[in-house]
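What follows is a short report on a single structure.
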Protein chains: 2
Amino acid sequence: MQTVSLARSPAIGFPFPVASRSGHTTSPAQLSGRPMRCARGTLIYAEGDSVQDLYKVVSGSIRTYRTLSDGRRLIASFALPGELFGLDGIGTHRCAAEAVTDAVMIAFARKEIEACVERDPLAAKCFQMFALEKLISEQDRCVLLGRKTASERVACFLLDLADRSEGHPHLIDLPMSRYDIGDYLGLSTETVSRSLTCFRKRGILADRGPHRVEVLDRDALEDAASGIETPATDCACLRPV
Amino acid sequence: MQTVSLARSPAIGFPFPVASRSGHTTSPAQLSGRPMRCARGTLIYAEGDSVQDLYKVVSGSIRTYRTLSDGRRLIASFALPGELFGLDGIGTHRCAAEAVTDAVMIAFARKEIEACVERDPLAAKCFQMFALEKLISEQDRCVLLGRKTASERVACFLLDLADRSEGHPHLIDLPMSRYDIGDYLGLSTETVSRSLTCFRKRGILADRGPHRVEVLDRDALEDAASGIETPATDCACLRPV
DNA sequence: CGTGATGTTGATTGCTGTCAATACGTGTGG
DNA sequence: CCACACGTATTGACAGCAATCAACATCACG
């Protein structure tokens with residue numbers, strides 16, 4: 001791994017989101033993490049590596065993915081700034097993780113997290129909530145992959161990114177390639193591109209360079225995400241005129 | 001809900017699998033559950049219902065599923081005897097649950113489970129492991145739904161059922177309809193049927209009635225599950241000769 | 001300014017969905 | 001015990017969405 005420790009002084013924090021409805025007024029025990037930096041394309045861990053750390057993204061973005069023996073790939077998640085990754089296996093990682101862009105993150109030792117969760121009930125609660133929420137979002141993903149059309153998937157993806165990214169809610173950063181998006185949505189890169197073009201032609205999106213789009217009509221995008229097609233355009237958007 | 005309490009005397013047990021590698025030698029705290037019985041097709045809870053109980057299947061089988069606004073459905077899981085269901089939401093269920101066949105199960109109150117998990121560290125550990133394992137299996141499912149072909153999905157499904165069901169490992173019970181299988185695998189009922197026919201023609205499976213199949217060639221089934229096609233048959237198995 | 005990577009668009013193929021008809025099997029009633 | 005009927009499963013014909021193959025455009029970068 002080409003990652004580089006940034007500083008000797010450890011970063012202090014707690015990796016999991018603090019459960020708001022937990023009724024506790026105190027904060028969970030703080031952990032010390034190791035700041036790390038890695039360049040675009042760097043492998044952070046591979047499928048099968050033992051789980052040593054969990055990571056919190058500071059800047060940049062990360063993809064975790066699985067590969068089938070014949071090369072087919074499915075990206076399991078994109079981790080954006082503020083988000084956690086690395087919880088994809090019990091003893092060994094079931095996914096690999098790579099930096100989509102140059103990235104900075106904080107590594108928290110698994111053993112310390114486990115010890116913390118065993119000591120601190122609030123930390124345990126936060127961890128529990130985190131795992132359950134991940135579980136539910138994976139179920140959403142199954143519905144998307146199993147039952148949604150290409151353009152619905154792309155629309156869902158854009159809305160998801162819009163909700164997760166900080167900054168202007170109508171400007172969406174797409175740090176990953178079309179190929180990555182395809183492998184996240186179970187589509188080919190061409191189909192992703194065509195769907196985006198379709199939304200552009202329908203006036204739902206506007207290009208701000210290949211890695212940034214502006215949402216011009218959020219309602220229409222939400223309709224597209226749930227399969228409600230504008231009668232005029234219908235599904236003709238993916239076919240050449 | 002038409003479910004009926006079976007007996008006044010509560011069933012005693014612990015709903016989650018006991019983590020073997022936890023290092024503990026004691027058992028987790030026991031909980032009392034309410035035995036219930038419900039007839040084939042009965043709705044056990046609906047999407048949006050508040051989470052009151054977790055259920056452990058005693059006999060029969062259960063499906064949990066999500067429905068999109070336009071009627072598309074994805075079955076999230078089949079729960080077989082000995083398995084748990086009901087953990088599909090934090091405050092409210094994100095899935096509905098129905099009995100695939102007449103079924104008997106034990107309902108454990110969510111509040112009691114939560115209290116138990118807070119009191120008993122071993123119970124907490126078991127719960128944690130269960131959630132993580134569910135998370136990983138959902139990731140497997142995403143790969144299946146996002147990147148596998150129809151016959152690969154069906155083969156994976158059969159292998160999964162074979163591994164989960166007790167009894168003769170070469171005889172697989174299929175209590176659910178082809179329609180259910182399709183909605184579990186993101187396929188149409190016809191495609192499921194065609195895949196099964198293909199395996200039958202290739203000598204991999206033999207019918208033992210529509211709800212039971214015998215695995216004649218487990219190796220070939222595993223090959224089919226990972227996309228390794230026998231050169232002669234190729235993918236022609238789904239096309240009419 | 002050239003060069004390679006990435007993105008878009010077009011043409012075609014093919015897997016899987018849809019529609020339709022037939023077969024099977026289970027359960028009921030005579 | 002058999003006949004019928006309904007739900008379920010299978011098979012067939014066809015259509016359509018998305019993958020694949022291919023060419024071109026655009027962008028990033030040296």
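We name chains A, B, ... by the order of the sequence lines, and we start the count at 1 in each one. Atoms considered below: every heavy atom in the structure, side chains included; atoms not considered: hydrogens, waters and symmetry mates.
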If you look at every strand shown and take non-hydrogen atoms under 4.0 Å, does S188(A) touch a base, only sugar-phosphate, or nothing? base
Please tell me which of R40(B) and L187(A) maps to the more 5' nucleotide of DNA chain D, matching each residue to the nucleotide holding its nearest heavy atom. R40(B)
Nearest whole angstrom, please: distance from the C1' of dA19(D) to the CZ of R72(A). 13 Å
Over how many whole Å does the gap from L196(B) atom CG to dT8(D) atom C1' extend? 14 Å
With a cut-off of less than 4.0 Å, is there a side-chain N or O of T197(A) near OP1 or OP2 of dT9(C)? yes
Just compare [options] and give me whichever is closest to any side-chain atom of [X].
X: T149(B); options: dT16(C), dA18(D), dG7(C); answer: dT16(C)
X: H211(A); options: dG17(C), dT16(C), dG7(C); answer: dG7(C)
X: E190(A); options: dA22(D), dG7(C), dT8(D); answer: dA22(D)

Report yes if a donor N or O on one partner sits less than 3.5 Å from an acceptor N or O on the other, where the partners are the side chain of R200(A) and the base of dT9(C); otherwise report no.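 In this structure, the two groups form no donor-acceptor pair.
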Classify the side chain of R194(B) versus the base of dG12(D) as yes if they form a donor-acceptor pair under 3.5 Å and no if they do not.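 By the distance-only test, yes, there is a pair.
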Indicate whether the side chain of S50(A) and that of T92(A) have a donor and an acceptor atom separated by less than 3.5 Å. no
Would you call E222(B) and R218(B) a salt bridge, taking side-chain N to carboxylate O under 4.0 Å as the test?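 Looking at E222(B) and R218(B), the cut-off is met.
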Hey, are R73(B) and D180(B) close enough for a salt bridge, meaning a charged N less than 4.0 Å from a carboxylate O?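 Judged by the 4.0 Å cut-off on N to carboxylate O distance, R73(B) and D180(B) do form a salt bridge.
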Can the positive tip of R141(A) be found less than 6.0 Å from the middle of the six-membered ring of Y184(A), inside 45° of the ring normal? yes
